[in-house]
Amino acid sequence: MENSSTMIGPRGIIKRHEFVRVVLQCLYSLGYKKSASCLESESGILYKSVDFKELELQVFNGNWDGCVHTLNAIMDLKEDIRASVLFLVFKQCLLEYLNSGDDCLALTVLRKQVPSFRMSKEKVHKLASSILWLEEMELGKIDKDAISELRKRLLVELEKLLPPPITVPARRLEHLVETAVTSQIDSCLYHNSSGAVSLYVDHCCDRDLIPTETVQILTEHKNEVWFVQFSNNGEYLASSSSDCTAITWKVGEDSVLTLKHTLRSHQNPVSFVAWSPDDTKLLTCGNLEVLKLWDVETGICKHTFGEHGFIVSSCAWFPDSKRLVCGSSDPEKGIFMWDCDGNEIKAWRGTRMPKVLDLAVTPDGKILISVLSDKEIRVLNLGTNAERVISEEHPITSLSVSVDSKFFIVNLNSQEIHLWDIAGKLEKPLKYTGHQQNKYVIRSCFGGLDSSFIASGSENSQVYIWNKRNTNPIEVLTGHSMTVNCVSWNPKRPQMLASASDDQSIRIWGPSKSNKTA
């Protein structure tokens with residue numbers, strides 16, 4: 001038998017016998033039984049431990065007393081686990097006794113053997129109940145093949161419950177490899193592809209997997225571009241400008257954007273837009289003005305909100321695409337929930353509801369997040385009305401929520417972006433720095449595969465990209481000539497990013513072509 005203390009690997013931290021057992025399990029699970037048997041013979045190491053081999057033989061032979069003795073003889077086995085495996089053994093034992101007509105023997109086991117093993121009252125009651133249930137079945141008609149199958153299932157359950165080294169956890173080698181690969185992916189600053197990761201080399205992505213190069217410039221707006229946002233399906237982009245218009249763009253299969261509709265109806269600059277979750281409707285908000293609802297396909301304005309003195313400062317959709325919530329910069333107005341026809345469904349107003357600067361509804365529709373009076377963030381659970389308040393030290397200019405409804409980021413005029421978790425586990429935010437923001441509203445966003453990145457505009461005319469796990473930017477994109485007000489990452493094309501600037505242009509960013517051809 002192999003010396004169990006023999007160590008392998010460059011660092012000498014892996015026990016050879018454990019490694020071989022894990023490999024054996026993998027071979028057996030893949031169906032390579034001959035290879036596994038050969039490895040057992042050559043290494044002198046068995047996949048199944050002596051205790052489990054003995055238990056397996058006893059189960060297949062219906063030797064229930066032997067099973068109980070083997071399980072009780074195992075040292076260092078936690079009592080709750082011992083009770084759980086004994087419960088399964090006694091349950092199979094009772095079924096077989098009753099099936100063969102040995103009712104008295106089944107009752108003897110239940111009355112005398114079971115209580116002697118310190119099994120909880122709950123488990124004893126379950127066994128007693130199982131007898132009543134089994135008697136109602138057509139016992140006596142369960143043939144040998146069915147009994148054999150039940151014994152196999154029992155062994156599978158025992159193998160799951162019994163701890164190492166008695167058994168090897170299921171698919172252990174796959175788990176170890178996946179853990180190693182996941183660790184490498186997590187440490188990869190540029191990981192932005194859903195493709196399979198090779199096991200032949202350590203994983204490390206090149207920077208050409210993220211958008212770093214301008215691939216298209218859109219110049220149809222006639223003044224500063226304040227806002228951009230891709231649709232949820234990634235097939236459209238909407239932009240708004242101080243030229244009092246909003247534009248919808250179609251993203252082609254070749255990733256080239258073409259103008260779809262120019263939306264003209266606002267009298268003031270259009271400060272932001274919001275896509276409905278089903279991407280059939282678009283909201284546009286005039287600066288200190290009204291909110292308008294547009295049909296995306298036709299470009300027709302379907303409704304105007306806020307015509308009676310309600311000045312909309314921000315808005316967001318609920319997942320059903322039938323309800324929307326709007327905040328007002330007027331403290332007396334607060335927050336309203338409307339349907340698409342402008343009917344009020346609910347309102348939050350009063351002395352505790354100061355002016356609303358920005359708000360968002362999580363994609364799952366459970367949480368309403370609002371930025372109030374510059375420095376306060378209010379996280380409201382819409383189901384329970386539980387509320388959490390976060391106070392920032394510096395004024396907040398914008399808010400963005402991750403697609404998985406777990407995180408949100410806020411831009412501060414102190415030249416920082418703060419990331420908070422919606423569940424409230426973080427006592428302090430994760431902070432991202434490097435961009436410039438002192439005077440203007442700058443908007444950031446999550447993006448890339450699994451929202452692994454954060455992108456933001458900047459007052460120095462550049463776009464900044466961070467890996468979510470790193471406080472310093474991994475890329476700084478140059479091309480704009482004036483302040484970059486807003487960025488949006490395509491949710492379905494992780495290598496496409498849009499930026500809006502005071503230079504009256506929208507830049508579409510993609511992977512570097514020079515890197516690809518190098």
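A donor-acceptor contact closer than 3.5 angstrom links the side chains of Asn232 and Asp279. In summary, the side chains of Gln437 and Asn411 do present a donor paired with an acceptor at a separation below 3.5 Å, with no hydrogens or angles considered. Ser452 and Lys468 share no donor-acceptor pair across their side chains, judged by distance under 3.5 Å alone. Side-chain atoms of Gln216 and Trp249 form no donor-acceptor pair, as typed in the model, at a separation below 3.5 Å.
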Return all side-chain donor-acceptor pairs below 3.5 angstrom for residues 187-196, not counting sequence neighbours, or 'none' if the list is empty.
{"unit_1": "Ser187", "atom_1": "OG", "unit_2": "Ser183", "atom_2": "O", "d": "3.2"}
{"unit_1": "Ser187", "atom_1": "OG", "unit_2": "Gln184", "atom_2": "O", "d": "3.0"}
{"unit_1": "Tyr190", "atom_1": "OH", "unit_2": "Ile474", "atom_2": "O", "d": "3.3"}
{"unit_1": "Tyr190", "atom_1": "OH", "unit_2": "Glu475", "atom_2": "OE2", "d": "2.9"}
{"unit_1": "His191", "atom_1": "ND1", "unit_2": "His203", "atom_2": "NE2", "d": "2.9"}
{"unit_1": "His191", "atom_1": "NE2", "unit_2": "Ser193", "atom_2": "O", "d": "3.2"}
{"unit_1": "Asn192", "atom_1": "OD1", "unit_2": "Leu449", "atom_2": "N", "d": "2.7"}
{"unit_1": "Asn192", "atom_1": "ND2", "unit_2": "Leu209", "atom_2": "O", "d": "2.9"}
{"unit_1": "Asn192", "atom_1": "ND2", "unit_2": "Pro494", "atom_2": "O", "d": "2.8"}
{"unit_1": "Ser193", "atom_1": "OG", "unit_2": "Gly195", "atom_2": "N", "d": "3.3"}

Would Ile247 and Ile506 count as a side-chain contact (heavy atoms from CB on, under 4.5 Å) if you check the C-alpha gap in whole Å, the side-chain angles of each, and the deciding distance to 0.1 Å? CA-CA 11 Å; Ile247 296 177; Ile506 300 165; over 6 Å; no
Are Val410 and Leu399 close enough, and set up right, to give a side-chain contact (heavy atoms from CB on, under 4.5 Å), and what steps lead you there? CA-CA 5 Å; Val410 290; Leu399 164 71; 4.0 Å; yes
Would you check, one step at a time, whether the test side-chain contact (heavy atoms from CB on, under 4.5 Å) holds for Trp348 with Leu380? CA-CA 11 Å; Trp348 295 267; Leu380 175 67; 3.7 Å; yes
Full working for side-chain contact (heavy atoms from CB on, under 4.5 Å) between Leu39 and Val20: CA-CA 8 Å; Leu39 178 57; Val20 173; 4.2 Å; yes
Walk me through it: do His435 and Trp466 pass the test ring-ring contact (aromatic ring centres under 6.0 Å, His included)? CA-CA 11 Å; His435 63 302; Trp466 295 262; 5.5 Å; yes
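By the neighbour-count criterion of 12 heavy atoms within 6.0 Å, atom CZ of Arg469 is densely surrounded, having more than that number from other residues, nucleotides or ligands. Enclosure of atom NZ in Lys322 is not indicated, since only 12 or fewer non-hydrogen atoms of other residues, nucleotides or ligands lie within 6.0 angstrom. No more than 12 heavy atoms of other residues, nucleotides or ligands sit less than 6.0 Å from atom CD of Glu393.
Between the CG atom of Leu426 and the NE2 atom of His418 there is a distance of 12.0 Å, given to the nearest 0.5 Å. The distance from atom NZ of Lys15 to atom CE of Met7, rounded to the nearest 0.5 Å, is 6.5 Å. Rounding to the nearest 0.5 Å places OG1 of Thr219 at 11.0 Å from CZ of Arg507. In this structure, Lys428 NZ and Trp420 CH2 are separated by 9.5 Å, a value rounded to the nearest 0.5 Å. With values rounded to the nearest 0.5 angstrom, Leu357 atom CG is found 12.0 Å from Lys375 atom NZ. Note that the OG atom of Ser456 and the CD1 atom of Ile454 stand 9.5 Å from one another [nearest 0.5 Å].
Between Lys160 and Glu157 a salt bridge is recorded (basic side-chain N to carboxylate O distance below 4.0 Å). One finds a salt bridge joining Glu235 and Lys250 here, because a Lys/Arg side-chain nitrogen approaches an Asp/Glu carboxylate oxygen to under 4.0 Å.
With sequence neighbours excluded, no residue satisfies side-chain hydrogen bond (donor to acceptor under 3.5 Å, both in side chains) with Asp341. Contacts of Tyr47 classified as ring-ring contact (aromatic ring centres under 6.0 Å, His included), with partners at least two apart in sequence or in another chain: Tyr28. The side-chain hydrogen bond (donor to acceptor under 3.5 Å, both in side chains) search around Ser402 returns Asp404, not counting sequence neighbours. Under the rule for a side-chain hydrogen bond (donor to acceptor under 3.5 Å, both in side chains), Trp275 has no partner lying at least two apart in sequence or in another chain. A search for salt bridge (charged side-chain N to carboxylate O under 4.0 Å, His left out) contacts involving Arg172 returns nothing, not counting sequence neighbours.
Glu392 places no side-chain N or O within 3.5 Å of a backbone atom of Ile377 that could act as its donor or acceptor partner. In this structure, the side chain of Asn470 does not engage the main chain of Asn472 through any donor-acceptor pair within 3.5 Å. Side-chain atoms of Gln25 come within 3.5 Å of backbone N or O of Val168 as a donor-acceptor pair. In terms of modelled atom types and a separation under 3.5 Å, the side chain of Ser488 and the main chain of Ala498 share no donor-acceptor contact. Ser242 places a side-chain N or O within donor-acceptor distance of the main-chain N or O of Glu224, the cut-off being under 3.5 Å. Within the 3.5 Å criterion, the main-chain N or O of Gln436 finds a donor-acceptor partner in the side chain of Ser458. Between the Ser501 side chain and the Met482 main chain, a donor and an acceptor come within less than 3.5 Å of each other. In this structure a side-chain-to-backbone donor-acceptor pair under 3.5 Å is missing from Ser512 to Asp208. At distances below 3.5 Å, at least one donor-acceptor pair connects side-chain atoms of Thr397 with backbone N or O atoms of Ile442. Between the side chain of Glu376 and the main chain of Val389, no donor-acceptor pair closer than 3.5 Å is present.
By the 4.5 Å heavy-atom criterion applied to side chains, Asn413 and Asn438 are not counted as neighbours. Using a 4.5 Å heavy-atom cutoff, the side chains of Ile345 and Trp338 are not in contact. Within the 4.5 Å cutoff, the side chain of Ser499 has heavy atoms near those of the His480 side chain. Residues Leu282 and Leu263 form a side-chain contact, since some pair of their non-hydrogen atoms from C-beta on lies under 4.5 Å apart. In this structure, the side chains of Ser265 and Trp294 come closer than 4.5 Å at one or more pairs of heavy atoms. At a threshold of 4.5 Å between non-hydrogen side-chain atoms, the residues Ser239 and His221 count as touching. The side-chain heavy atoms of Val270 and Trp226, taken from C-beta on, include no pair separated by under 4.5 Å. Met496 has its side chain within reach of Phe230: a pair of non-hydrogen atoms, C-beta onward, lies under 4.5 Å apart.
When all heavy atoms of Phe227 and Ser271 are compared, the closest pair comes out as CB-O, 3.5 Å. Across all their heavy atoms, Phe305 and Leu283 have their closest contact at CE1-CD2, 4.2 Å. Across Cys315 and Leu291, no two heavy atoms sit closer than the pair SG-CD1, 3.8 Å. Pairing each heavy atom of Asn223 with each of Ser241, the nearest pair is O-OG, 3.4 Å. Residues Gly365 and Leu382 come closest through the heavy atom pair O-CD1, 3.7 Å. Nearest heavy-atom pair, Glu289 versus Gln267, reported as atom, atom and distance to 0.1 Å: OE2-N, 3.1 Å.
Checked options Thr214, Thr212, Ile465; the residue passing with Trp509 is Thr214 (criterion: side chain to side chain contact (heavy atoms under 4.5 Å, CB included)).
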